Amino acid sequence: MRPLAPLLALLALAGCTPDLPEDVFSVYIEAPVSARDSAQATVALPVSGVQVSVLKIAVVKAEQFVTTEVVEAGPRDIRSTYLLVQLDARVAKPLMSLTSGAEARGKQLVLVVNDEPIGLMRLEQPVLDGNLFFAVERPGMGGAAAAAYWSRRMNESILLYRKWLEEEGKR
């Protein structure tokens, strides 16, 4: 499930030695019941053990992430901490189409870092703005600490991806 890992390894072998991102991350969508077994994989979160069958093709790749930050959301009396992932505007429209259908309601998006699922976002409504709110996990940490940890790590890698894409003339 690592879409950029082969490309980054090839760059390193070819003598290009840019600062490589520490983390490769992607977002996957829960597989529909009708999906073939060969088109899906089951992933489990590291702390809760929640399992989700996802399609093997990422709906958002690392180079499409713009930034992350820790946010609180929800009703005032039961607010929760989330990792807000902001996506490139170019991916917002396809993501809106993907999440607009009735079959997408109730499905989950799964945030994966280095082949490990770290967070979930339930699709209650279409994603209109490219902002994704993940409840994330990390062994030995509570929700707020896990969100801060993943935000820091991912933002460091996002900057390196952005630098690499600019150097390659892809932005």
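Remember, it's a predicted structure, so these values are computed and weren't measured experimentally.
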Practice prompt. Would you confirm whether Lys56, through its side chain, and Ala41, through its main-chain N or O, come within 3.5 Å as a donor-acceptor pair?
Written response: no

Worksheet item: Under 3.5 Å, is there a donor-acceptor pair between the side chain of Asn114 and the main chain of Val24?
Response: yes

Would you say [Y] ends up clustered with [X] if hydrophobic residues are merged whenever their side chains have heavy atoms under 4.5 Å apart, either directly or through other cluster members?
| X | Y | result |
| --- | --- | --- |
| Val47 | Leu83 | no |
| Val91 | Leu98 | yes |
| Phe133 | Met154 | no |
| Tyr28 | Val52 | yes |
| Val113 | Tyr161 | yes |

Any side-chain heavy atom of [X] within less than 4.5 Å of one from [Y]?
| X | Y | value |
| --- | --- | --- |
| Thr67 | Asn155 | yes |
| Pro32 | Leu55 | yes |
| Met96 | Val127 | no |
| Val85 | Met121 | no |
| Arg138 | Val136 | no |
| Leu109 | Phe134 | yes |
| Ser100 | Gln125 | no |

What is the minimum heavy-atom distance between [X] and [Y], and which atoms define it?
| X | Y | value |
| --- | --- | --- |
| Pro117 | Pro46 | O-CD, 3.2 Å |
| Thr81 | Ala144 | CG2-CA, 3.7 Å |
| Ala58 | Lys61 | CB-CG, 4.4 Å |
| Leu45 | Glu137 | CB-OE1, 3.2 Å |
| Gln40 | Ser53 | OE1-CB, 3.3 Å |
| Ala92 | Asp129 | CB-C, 4.3 Å |

Fill in: Residue among Ile29, Val54, Leu120 satisfying side-chain contact (heavy atoms from CB on, under 4.5 Å) with Gln108
Leu120

Item to complete: Please say which of Thr99, Leu95, Thr68, Leu123 ends up in a side-chain contact (heavy atoms from CB on, under 4.5 Å) with Leu132.
Response: Leu95

Can you measure from [atom1] ([X]) to [atom2] ([Y]) and round to the nearest 0.5 angstrom?
| X | Y | atom1 | atom2 | result |
| --- | --- | --- | --- | --- |
| Glu63 | Ser157 | CD | OG | 12.5 Å |
| Ile57 | Ser26 | CD1 | OG | 12.0 Å |
| Met141 | Trp150 | CE | CH2 | 8.5 Å |

Discussion item. Once salt bridge (charged side-chain N to carboxylate O under 4.0 Å, His left out) is applied, do any residues pair with Arg153, and if so which ones, sequence neighbours excluded?
Written reply: Glu22, Asp23

Worksheet item: Taking the six-membered ring for Trp, are Phe65 and Phe25 ring centroids under 6.0 Å apart?
Response: yes

Worksheet entry | Note: Glu166-Arg162 ion pair, threshold 4.0 Å (strictly below) | no

Worksheet item: Is the count of non-hydrogen atoms from other residues, nucleotides or ligands lying under 6.0 Å from Leu128 atom CG greater than 12?
Response: yes

